[in-house]
Amino acid sequence: MNILVLNCGSSSIKYKLFDMPDGGELAGGLLERIGEETSLLSHRAGGRKVRVEGKVADHREGLKWVVEALLHPEHGTIGGPSEIDAVGHRVVHGGERFTGSVLITPEVLDAVREFISLAPLHNPPNLMGIEAARELLPDVPQVAVFDTAFHGTMPRYAYLYAIPYEYYENYHIRRYGFHGTSHRYVTLRAAQILGRPSEELKLITCHLGNGCSMAAVKGGRSVDTSMGFTPLEGLVMGTRSGDVDPAVIPFLARAEGMSADEVEEVLNKRSGLLGLSGVSNDMREVERASEAGDERAKVALEVFAYRVKKYIGAYVAVLGGLDALVFTAGIGENSYRMREMICEGLEVFGIALDHERNRRTVGRKEGDISREGSPVRVLVVPTDEELLIAKDTFEIVRQEG
Ligand code: AMP
């Protein structure tokens with residue numbers, strides 16, 4: 001069964017075509033700058049790469065480009081649109097309603113529309129992708145895989161904020177958590193690596209990329225996570241502040257004469273590694289600057305590592321122990337220095353690195369980087385959200401069929 005996985009951003013479509021149930025990747029690519037003067041499609045299939053430039057007005061036209069690339073006589077991989085058996089969509093917010101992946105029906109679409117109020121930047125492009133796919137491939141089943149779903153198992157004492165309860169009731173203000181598909185993928189993979197059922201395991205998963213979040217996973221279920229009502233809470237990220245005292249917001253508004261929206265923009269776009277270092281939101285550049293002696297870059301790395309360390313401590317308490325600490329995403333998979341900084345001094349929790357193995361495990365390599373004999377395994381697991389979306393889509397379509 002050929003499954004097309006779509007991840008639609010406000011001006012981009014990331015896609016992969018999988019052969020399921022094998023999980024083989026037939027083709028993939030990225031269409032960027034939708035709606036701008038020149039859009040760019042980077043397509044890859046069978047070891048070949050193609051770049052196409054042109055003007056793509058919207059997601060509907062964008063998806064046509066994607067399907068044309070998949071059908072292309074030279075670099076295409078399928079003979080006709082009928083060879084796409086199902087489409088799996090990444091959808092950021094599933095509210096409190098969706099704790100798993102679902103076949104997209106008009107009711108599901110209505111719900112995703114309703115959750116725009118909770119994810120105003122993310123759900124609209126996800127919806128555009130779904131609508132475009134329904135139009136272009138009307139007879140093909142479509143499945144929604146939500147970023148929030150994996151965290152739907154958090155107990156209420158973990159997801160409620162201590163603000164007047166009516167705000168939860170009226171506005172659904174609570175912790176939702178994000179990156180759920182990634183946390184679920186590495187949880188499943190970690191259990192395979194450890195050779196134990198995930199039902200038995202206590203894991204802390206660290207998704208450290210441009211966006212960063214951690215999850216405490218007990219028995220295969222998320223029991224807490226660092227992102228909250230929005231993806232702004234928690235860890236230090238590329239441009240996002242993560243946790244701050246909420247009183248900083250009105251203080252800044254008064255001090256700088258900013259509106260609430262402007263302060264939110266500062267916390268989302270001008271903070272994190274970028275805000276602290278003044279160098280970049282990119283970990284590689286901040287690391288380079290720090291090595292060259294830049295003090296602000298150095299402190300940015302220290303704050304980043306310290307925040308992760310604090311959450312590890314908190315989640316060991318939440319889980320009542322720990323079997324494995326799992327690193328994933330761009331920084332988690334590649335920055336051995338950051339992993340070293342994070343794990344330093346955590347022997348008290350049974351966490352100790354094998355420095356040699358840690359240094360060697362970079363570049364989308366999977367591995368156990370913990371010291372021989374230390375009680376907690378430390379794993380690096382390259383994430384693959386698209387593959388998990390394809391798997392969910394395959395399972396749901398098979399059950400429905
Ligand atoms: P992602 O959002 O998962 O693509 O991760 C992006 C982040 O990973 C950026 O901060 C990159 O700087 C970081 N990253 C990617 N490769 C490396 C590397 N080799 N060393 C350090 N950071 C890296």
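Whatever order the structure lists ligands and atoms in, that order sets their numbers, starting from 1.
- A distance of 8.0 Å separates NE2 in H89 from CG in L4, rounded to the nearest 0.5 Å.
- No more than 12 heavy atoms of other residues, nucleotides or ligands lie within 6.0 Å of CD in E344, so this atom counts as exposed by the packing criterion.
- At a 3.5 angstrom cut-off on N or O pairs, G211 does not count as close to ligand 1.
- Not one N or O of H207 is nearer than 3.5 Å to an N or O of ligand 1, by distance alone.
- At least one N or O atom of G330 sits closer than 3.5 Å to an N or O atom of ligand 1.
- If you look at F178 and H93, their ring centroids are closer than 6.0 Å.
- When only interatomic distances are considered, the shortest N/O to N/O separation between M283 and ligand 1 falls below 3.5 Å.
- Between R60 and D58 there is no salt bridge, since no side-chain nitrogen of the basic residue lies less than 4.0 Å from a carboxylate oxygen of the acidic one.
- Among protein heavy atoms, atom 12 (O) of ligand 1 sits closest to D282 OD1, 2.4 Å.
- Cation-pi check for R174 over Y176 is met; the charged atom lies under 6.0 angstrom from the ring centroid and within 45 degrees of its normal.
- A distance below 6.0 Å separates the ring centres of H43 and Y15.
- Remark: atom 19 (N) of ligand 1 lies closer than 4.0 Å to at least one protein heavy atom.
- Contacts between E287 and ligand 1 below 4.0 angstrom, taking non-hydrogen atoms only, involve the side chain exclusively.
- The nearest heavy-atom contact from the protein to atom 6 (C) of ligand 1 is N210 N, 3.6 Å.
- The nearest protein atom to atom 23 (C) of ligand 1, hydrogens excluded, is given as R284 CG, 3.6 Å; this is a heavy-atom distance.
- On a distance-only criterion, S335 and ligand 1 share no N/O pair closer than 3.5 Å.
- Of all heavy-atom pairs between T383 and S182, the closest is OG1-OG, 2.8 Å.
- In the model, E287 has a side-chain atom that pairs as donor or acceptor with a side-chain atom of S335 under 3.5 Å.
- Closest to atom 13 (C) of ligand 1, if we only count protein heavy atoms, is I331 CG1, 3.6 Å.
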